[in-house]
Amino acid sequence: MAREYTVNTLPATPKSDINYAADLNDQQFAAVTAPPGPSLVIAGAGSGKTRTLTYRVAYLLDNGIYAANILLLTFTNKASREMLERVEQLVPHDTQDLWGGTFHSVGNKILRRHAEELGFEKNFSIMDREDQKELLTTAIAESGINTKELNFPKPDVVADIFSLVQNMDCDMAELLEWKYPYFEHHLEPLQKVQEKYEEKKLATNSMDFDDLLIKTLQLFQENPNICQYYQKQFEWVLVDEYQDTNAVQSDLIDMLAAPHNNIMVVGDDAQSIYSWRGADFQNILQFVDRYEGARRFVIETNYRSVPEVLSLANAAIKPNRAQFEKNLAPARPDAEELPALIPVQDVRLQAAFVAQRILELVDEEGIEFSEIAVLYRAHYHSMEVQMEFTNRDIPFNITSGLRFFEQAHIKDVASFIKFAANRKDEVSFKRIVKMLPGVGPGTADKLWNQWVACPGYKDEKLAEFSEHMLDFKVPTKAKEPFAQFAYTMDELLDGKGGTEAPPAMMPSIIEGVYDDYMKAKFPNYDIRRQDLRQLERYSQDFTDVDEFLSQLSLLAGQDAVEANKQKKSNDTDVVTLSSVHQAKGLEYKVVFVIWLADGMFPSKKVIEHDDEDESGLEEERRLFYVAVTRAEDQLYLMYPLVWQGSYTGEVIQRPSRFLEDLPTDLTEEWKVGAASW
DNA sequence: GGGGCAAAAGTTTTT
DNA sequence: CTTTTGCCCC
């Protein structure tokens, strides 16, 4: 008798109508159409890296490769979304699934499928920095270390140390010697805490951001069959911003690409700005040595900036010694206007100038707000500009340090959902009960212990929280609110051991308990209530709780807000205020770089603590280079002459050493006076 | 667990 | 000079 066997075939991709030869220059064409095997694309700023990468995807699809076999790795959600959108525009492939995204989101997806192999459950919680700090605090306490006695590092610093150890794949002893010599005598207690922390993560079924990468790598190393599955699945691996990969990311890439070596990495060593997070641009410098037979493509034409801006950029990066020699050539005609160098009396005037100049550009040159960006080294540098913009009604969008999800009220509401989905989530549980009157860290701990000890904790078919929790010993003041909390939690369950869908959970939480709490707790109740409505709308897109929570944790604030905005309206004509780090990969017609004073940019810390090869200073210089190369047409470099520090009094500022390095004929100095103040 | 007071920081950059 | 943290006491 014949055996029946079905092969699942994917529908063929419709061909795009791209004429690669006409759309690309020679170097790009060569890279896009490169045969299988490893290739390294070194490309300067504004050279069309993204374009090259997306065309590469389109080219592969056009040549019969299934989208599901291509893995496109990027660093930010924005970059990932934009790239996928471009691909979908170029090649319609709605029948197939292009599996790409950020390193963290890909790691998250893979880990959810194989969590059991690592001792986790697939509904594990993702901890952000704040959650991580909470868990570390308990880990430190449970390790029995007397933190006061020996000036033990704060949980924040401990988190930094652990993160670097993992991302740089190095010994804790080495790291302490190199970066934290004043903590070297704490090596043993630190290792003890680390062990405890790992235990706690397992016990609470939670992972931090670093785990999403490290545990994926570990999964592959310990399970060759799983590793082979993904190697086969992702037959073509493409990586953007390769210069910013750290040891773990580079290992992960190497591992996935190992058998077929159909890997293309794209990057610019001059734009490596994440070494403080463990990024090592040796990865890109040594790529050709690591991958036998690697082809190297250098794209040196710059399409973005006018020659005047480009000359300045080239001069800015020149003093750096650790770099590939590149000679960026402009593709655009002269602008007949030099970048402006603008010393101003003080910060107030700096903000006033930026605002006034922007209004002129919009009124007289027909430039839109959205084509203008104000960039700075650190978020607090933007304070005065924000105030000035508000006063003058200039619409702006700020990529602030705070993510949407990191705001207290958003996290509060999410912690209900997190605990309903993952009943081992100690951090979320404690966060919720600490909102109840009369419950602080101590009582929260006692309540948690009662939960762990009760049968509900282990009940996979748990239908009600209240049936267990109403028996808990609770302080009198919190008795009734605690019962209310338990009943609210009941509503989040589907009665069959799982949870309701995210859109159904939101009203239960908000109307059940949180709205009243929020009114009492926050002075700006209205604004926060609106945020929660936004979160409610956002939740409508999800049926799966884990997916909803993952998105919340992994999406940066701007992404979440923008994802919503697009649906509502397109009133996005706003000026961008951004740190240089967050502006990576973006471009604007007009760019203002503010606070270019020595000690601010480059930052004081780097100047004071740099080692003899000036690697810290060189990174700051690359950062300056990134800032400058965001500009297409006009560039304004500014610094205040005095700074009214809040506690230091008036401090005379020197211009940034990066400005002093520039030949004077590359900029035009503007003298700004105040009319009347 | 929270109020009250005194001492000590405080100014990177992020998935 | 402010804001946050640390400690004591009720």
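Every value quoted in this text rests on a predicted model; they were computed, and no experiment measured them. Each chain gets a letter, A, B and so on, in the order the sequences are listed, and its residues count up from 1.
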Would you say the side chains of [X] and [Y] form a donor-acceptor pair under 3.5 Å?
{"X": "A/Asn108", "Y": "A/Ser550", "answer": "yes"}
{"X": "A/Thr138", "Y": "A/Glu142", "answer": "no"}
{"X": "A/Asn205", "Y": "A/Asn123", "answer": "yes"}

Where the side chain of [X] is defined as all heavy atoms beyond and including C-beta, which of [options] is the nearest nucleotide?
{"X": "A/Trp643", "options": "B/dT15, B/dT13, B/dT11", "value": "B/dT11"}
{"X": "A/Phe209", "options": "B/dT13, B/dT15, B/dT14", "value": "B/dT15"}
{"X": "A/Thr443", "options": "B/dG1, B/dT11, B/dT13", "value": "B/dG1"}

Using a heavy-atom cut-off of under 4.0 Å over every strand shown, decide if [X] touches base, sugar-phosphate, or nothing.
{"X": "A/Pro441", "value": "sugar-phosphate"}
{"X": "A/Phe75", "value": "sugar-phosphate"}
{"X": "A/Gly442", "value": "sugar-phosphate"}
{"X": "A/Ser105", "value": "nothing"}

Interatomic distance where [atom1] belongs to [X] and [atom2] belongs to [N] [whole Å]:
{"X": "A/His581", "N": "B/dT13", "atom1": "NE2", "atom2": "P", "value": "9 Å"}
{"X": "A/Met383", "N": "B/dG10", "atom1": "CE", "atom2": "P", "value": "18 Å"}
{"X": "A/Tyr380", "N": "C/dT2", "atom1": "OH", "atom2": "P", "value": "18 Å"}
{"X": "A/Met127", "N": "B/dT15", "atom1": "CE", "atom2": "C1'", "value": "14 Å"}
{"X": "A/His379", "N": "B/dT13", "atom1": "NE2", "atom2": "P", "value": "5 Å"}
{"X": "A/Glu241", "N": "B/dT15", "atom1": "CD", "atom2": "C1'", "value": "14 Å"}
{"X": "A/Lys133", "N": "C/dT4", "atom1": "NZ", "atom2": "P", "value": "12 Å"}
{"X": "A/Asn108", "N": "B/dT15", "atom1": "CG", "atom2": "P", "value": "15 Å"}

Pair A/Tyr376 and A/Tyr380, ring centroids less than 6.0 Å apart: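 So the answer is no for these two rings.
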Sub-6.0 Å ring centroid separation between A/His114 and A/Phe120: no
Neighbours of DNA chain B within residues 266-282 of chain A, by heavy-atom distance under 4.0 Å: A/Tyr274, A/Trp276, A/Arg277
Under 3.5 Å: donor-acceptor pair, side chain of A/Asn422, backbone of A/Phe124: no
Mutual orientation of the aromatic rings belonging to A/Phe429 and A/Phe485 [parallel < 30°, tilted 30-60°, perpendicular > 60°]: perpendicular
Plane angle bin for A/Tyr636 and A/Phe592 - parallel if under 30°, tilted between 30 and 60°, otherwise perpendicular: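 Correct class here is parallel.
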Interatomic distance at C1', B/dT11 relative to C/dT4, whole Å: 15 Å
Distance below 4.0 Å between A/Gln582 side-chain N/O and B/dT13 OP1 or OP2: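 Checking B/dT13 against A/Gln582, no side-chain N or O comes under 4.0 Å of OP1 or OP2.
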Set of residues satisfying side-chain hydrogen bond (donor to acceptor under 3.5 Å, both in side chains) with respect to A/Tyr514, sequence neighbours excluded: A/Asp412
Contiguous Watson-Crick or G-U pair runs (3 or more, under 3.5 Å) in DNA chain B: B:1-10 with C:1-10
Contact nearer the 5' end of DNA chain B, comparing A/Ser579 with A/Val439: A/Val439
Of A/Glu620 and A/Pro437, the one whose closest DNA chain B nucleotide lies more 5': A/Pro437
Flag side-chain contact, heavy atom, 4.5 Å: A/Val433 against A/Phe482: yes
